[in-house]
Amino acid sequence: MDKAQKQQMKDLKAERIRLFRDQANFKPTERVPHFCNAVTWKVFDAGESLPEALTDFKVMERVVRHFLETYNVDGLMDVGIRNQFNVTEAFGSEGYYYYTEEAVGIKDHAHCTVDTLMDYLEDPTRYTWEKILPEKYGEDWVNKDIETWRKVFWEYLKYTYFIIHMGSVSGKEFGIPSLAPNNPAKGAIQFGIEEMESNLLGIKDLSIALRRNKDLIRDFCEKWDEKYIDPLIEKTYLSDGPQDDKYCFDASIILLSHNILNPKQFDTFLWPSLKRLLDAYAFKGMNVRIFAEGSILRYADKFQYYPKGTVTMHLEQDDPFAFREAAPNVAIMGGLSTELLSGGTPDECVAHTKKLCDELGRQGGFILSEGKMLSYKNDCTSDNLKAICDFVSEYKL
Amino acid sequence: MDTKAILDAMADLEEDELMEMMQEVMDNGGADVNDALDACQEGMKIVGERFEEGEYFVGDLIYAGEILTAAMEIVKPALSGDGSQSVGKMILCTVKDDLHDIGKNIVRAMLEAGGFEVIDLGIDVPPEKIVETAKAEGIKIIALSGVLTLAIDSMKATVDAFKAAGMRDDVKIIVGGAPVSEAACATIGADEWAYSPKKTVTVCQGWAAS
């Protein structure tokens, strides 16, 4: 790339960040931006092998380049750095994941029982060392020979380099901005109830514990907040506020547990923590994107009380028009269902995208995206995605 | 025995009370076991209704399934074992290439509460296994679950496998799960599709009665 091309991509990236930020802040823009939620679907679309793409960085880089050269998107959720298994495999174990030519997934597992939850919270590093890693890699995992450890660290370094490299490829060569900064307090923003559902207990055991061990779950959530959420809230209040020129959003949160919690449980175990954090973002005029797996429509009113520009809800399965009606102050990300992307025609996709832009984006407050992550080969057709990208990049509001 | 109290305990998800009352049934010789189970089934119906109304959510259904199973375990020794409570036998599974089982397990609990004897073939089940089991057990109702879009292909392959085996007209097939819709149901060639456990139970009960 020559100097002029580099500057062109830099300008494009800045322009895209502005588009995302303005829509999130309900400021009318000349067009609606598209943050594409494509993950492993890219591999099938590029005609590459899934097992190779997940274990060979060169293959995955080809996949990402193919995608960005083919589809004119403004943002991309995954630039190839998810689902890379070299580090784990260097340890001589397949861990909890599996992959075939068709699919990649995680085998059901939980790191704790209700009896050991507090042990984990007391000292997560120790618990991981003594309980989680032996379960994952076998009891003698610490006794692996020096060659194995060397290989593991080497793979880890290569993976770290790959993350930086792909950030650079997507940003400098394609003008793709980053979604949001990492949470300075702890990698990703995670609430206690979410951690229990996703990693520590799993859906079934948490569902049962919410009834049988209510006090313990409440206690865990409170202590989790003290350890992880309170410092984040403090840092947010002390921060300089929005980072307009660096990221599309100031923070990103993924919510899953609202899918199993009844309204009373939502109010007890999730909302108090989430609300305190959102209050801090609102106070600082910062914008947070929340990816709500499944459906969060029944809790839409909770988010309505924040001023415009605070919350952008990325809807996985909810109808965006119904959500706008329920929470007009909340910007919406999404609108493209798997059903449409996989089963519709290009014309139907364009007509639906036009409706979304006209009805949700004209006054600001809408970012086009796929609801569910595009993961499997049937999640979308290439013709449909191309038609959507071509339309939305040209359609003036 | 207070059947209303059993029904309420099941509906309100009061585990300790329910277990205590089921134990009482056993302590009294187990003669009332069928009435107690009927009360549990009625209670599960209310659980389903509360789910539809938004009072209960997925976690509550999982818990309801758990305590229903525990209640049935307590009174099992008093059951005659002749299947007199059963409205029919059916197959339930998550189809090939899909490992999700939360939804399937909820549906299983609701179907059992609805009087079905459910043969749960588990997850990632290939079409041949479903056809073989239906043939061997003489099953007429098949419920297929899936969460991934890949499941649509596997559900269609299962329907096609029944056709290839010359059994399609002998069985009724219902499909359910996140990617399933009316259009997907038509593509798959299933007889019905469901968006909720309650609908699955209602449809299957209708088939069993016909």
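Nothing here was measured: the structure is a model prediction, and the numbers come from that model. First the proteins, then the strands, lettered A, B, ... as listed; each starts at 1.
- Residue Glu49(B) qualifies as enclosed at atom CD: its count of foreign heavy atoms under 6.0 Å is above 12.
- With a 4.5 Å cut-off on non-hydrogen atoms, Ser342(A) does not touch chain B at all.
- Among Ala178(B), Ala184(B), Pro179(B), Gly59(B), the residue with the largest count of heavy-atom pairs under 4.5 Å with chain A is Gly59(B).
- With a 4.5 angstrom heavy-atom cutoff, Glu102(A) touches chain B via backbone and side-chain atoms both.
- Atom NZ of Lys163(B) sits in a crowded spot, with more than 12 heavy atoms from other residues, nucleotides or ligands closer than 6.0 Å.
- Stacking of Arg212(A) on the aromatic ring of Tyr63(B) is not recorded, the 6.0 Å distance cut-off and the 45° axial limit not both being met.
- Listed options Thr187(B), Leu150(B), Leu99(B), Leu13(B) were ranked by heavy-atom pairs under 4.5 angstrom with chain A; first place goes to Leu150(B).
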- Message: Between His258(A) and Phe57(B), is the side-chain contact (heavy atoms from CB on, under 4.5 Å) condition met? List the steps.
- Response: CA-CA 9 Å; His258(A) 57 280; Phe57(B) 218 61; over 6 Å; no
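- When all heavy atoms are compared, the tightest approach of Pro263(A) to Glu55(B) is CD-O, 3.6 Å.
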- Task: Dump the intermediate steps for salt bridge (charged side-chain N to carboxylate O under 4.0 Å, His left out) on Glu66(B) and Lys204(A), then the final yes or no.
- Result: CA-CA 9 Å; Glu66(B) 188 74 9; Lys204(A) 185 182 173 191; 3.7 Å; yes
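- Of the inter-residue distances, the one linking Tyr376(A) atom OH with Asp98(B) atom CG reads 7.5 Å to the nearest 0.5 angstrom.
- Summarising the geometry, atom OH belonging to Tyr98(A) is positioned 7.5 Å from atom CG belonging to Asp124(B); distances are rounded to the nearest 0.5 Å.
- Note that CG of Asn378(A) and CG of Asp153(B) are 4.5 Å apart. Values are rounded to the nearest 0.5 Å.
- Interface summary for chain B: among Gly105(A), Ser257(A), Ser375(A), Ser207(A), the most heavy-atom pairs under 4.5 angstrom belong to Ser207(A).
- Atom CD of Glu14(B) is surrounded by more than 12 heavy atoms from other residues, nucleotides or ligands within 6.0 Å.
- By the 6.0 Å contact criterion, NZ on Lys275(A) is open, its count of non-hydrogen atoms from other residues, nucleotides or ligands being 12 or less.
- The CG atom of Leu148(B) sits 8.0 Å away from atom CG of Asp379(A), with the distance rounded to the nearest 0.5 Å.
- Remark: Phe321(A) CZ is packed, more than 12 non-hydrogen atoms of other residues, nucleotides or ligands lying under 6.0 Å away.
- Proximity to chain B is absent for every atom of Leu210(A), based on heavy atoms less than 4.5 angstrom apart.
- Looking at Gln265(A), only its side chain comes within 4.5 Å of chain B, counting heavy atoms on both sides.
- Other residues, nucleotides and ligands contribute only 12 or fewer heavy atoms inside 6.0 Å of the NZ atom of Lys96(B).
- For the atom pair Thr338(A) OG1 and Ile152(B) CD1, the distance stands at 10.5 Å (nearest 0.5 Å).
- A salt bridge does not link Arg211(A) with Glu15(B): every distance from a Lys NZ or Arg NE/NH1/NH2 to an Asp or Glu carboxylate oxygen is 4.0 Å or more.
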